[in-house]
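To start, the structure itself, in structure tokens.
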Amino acid sequence: MIYFDAAATTLEKPDAVCRAMASAMATCANPGRSGHRPALRAAETVYNCRQAAAELFGLDQPERVIFTQNATHGLNIAIKSLLRQGGHAVISGYEHNSVARPLEAMADQGVTYTAAYSPLFDPDAAYRAILEALRPDTCCVIVNQVSNVFGFQLPVQRIDGLCRRRGIPMVLDASQSAGVLPVRAEQLPGTAFIAMPGHKGLYGPQGTGLLLCCGQEPPHSLMQGGTGSDSLEVRQPEYLPDALESGTLNVPGIAGLREGIRFVQKNRPELREREERLCRRAAEGLGNLPGMQVWYNSACQSGVLSFRMEKADPSQLCDGLAQRGVCLRSGLHCSPLAHRSAGTLPEGTVRASFSAFNTPAQVERFLQAAREVVKTL
Amino acid sequence: MTHAQSAGNILRRSGISAAMTKPPTGMGRGSCAYGLILASGHLPVALQLLQKTSLPLAGVYDMLPGGGWREVLL
């Protein structure tokens, strides 16, 4: 089997991730509740991960690292923190439904938004589209660092600068970039929140995610409940991380995520280069096949590649490759806005996305499988 | 308990040993409900270090012989 679906989740994890999870299952109790040794061990496990994430992402206060279930969870907290009183949001034309759907759902609370559509692989146009979409009542700008469909790297540093100058908080969706590209809170002074999954480029288990609270905007908790702190008080604590972490944390997941972050910290520059090399070779090989459309631009693309046959539905191509042991994803990838921006609606594309555990030999086998499938369509 | 953990780290980086503890209910008013036990001689420096941060400090207590606690007025 060849697994090229890392943009959905990385399937292969460092061995240490699984070991840490098993160890936490056996030795960790509920953190932040009791004072006995298994509870304190759990608390230490959780804090180690919080601190590692703070270091990796340039936050000086570990308390500002919030554990979430996934990136969607973090994005919902961010969006509902900034728009709870209503207002206008600007989002890039490459946002996932994890951004668009919460905004749509807040329409009855007076929330409106503008999707700033722009041509694919044109960072200047993406910046201009955001700039032109800003209004006097714009309360936040939401952008992903890397499109989950096309791997397009948006000019987040410039958009952050724009937001800072205008006094509009930015929300960064780092779902496809965390662990691969540099994501540093201290270099994004206009950014209020950064959301990311733990189970993609950070190589943690599914069910883990991080929300970095970078700004001074008061966070809005989606869920209230026990935190182990301030227990005499029936109101939810307002300080971080307790304000946003009610109920028992996913300690085994967090233990695994800690090891995933350690793996990234150790291998980071190579991870990006490796994924980009694999992506480039796959794009070259696919581009040589008759009737194949490939969306690739080495100047602004991360390790995610979209392609399709001109005369066949993407699902047929994807199924043909799956029958030959290649795991990809076809369709809209929960991101109709990105497909609208690129002109790939309504069928979408087939997506290949790479991880640290993929090899050049796998790419060559994938290309051989693609040659075979193309002949059948 | 994250605040106590962060505070403990700050103290340890300055060479002050601090052990985490769960104090009796009520002592941790308005805080994360966990505390740090450290030698009384380190208290002035520890307070200086922690007051430079945004970490909340609910109170300082002396451990009494026999297990009781007495609040230290700052």
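This structure is a prediction, so every number in the text was calculated from the model and none was measured. We name chains A, B, ... by the order of the sequence lines, and we start the count at 1 in each one.
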Nearest heavy atoms of B:H3 and A:L240, plus distance in Å | NE2-O, 2.9 Å

Taking all atoms of both residues into account, what is the closest heavy-atom pair of B:Y34 and A:G32, and its distance?
-> OH-C, 3.1 Å

Which of the residues A:A43, A:P31, A:P241, A:G35 is involved in the greatest number of heavy-atom pairs with chain B at under 4.5 angstrom?
-> A:A43

Highest number of heavy-atom pairs under 4.5 Å with chain B: which of A:H36, A:Q51, A:E44, A:E233?
-> A:Q51

Taking atom CD of A:Q187 as the centre, does the number of heavy atoms from other residues, nucleotides or ligands within less than 6.0 Å exceed 12?
-> yes

Does a side-chain heavy-atom distance below 4.5 Å link A:S229 with B:M1?
-> no

Heavy atoms under 4.5 Å from chain A: which residues of residues 8-16 of chain B carry them?
-> B:N9, B:R13

What's the spacing between [X] [atom1] and [Y] [atom2] if we round to 0.5 Å?
{"X": "A:R64", "Y": "B:S6", "atom1": "CZ", "atom2": "OG", "result": "11.5 Å"}
{"X": "B:K22", "Y": "A:S34", "atom1": "NZ", "atom2": "OG", "result": "6.5 Å"}
{"X": "A:Y239", "Y": "B:L55", "atom1": "OH", "atom2": "CG", "result": "11.5 Å"}

For A:Q61, is it the side chain, the backbone, both or neither that has a heavy atom under 4.5 Å from a heavy atom of chain B?
-> side chain

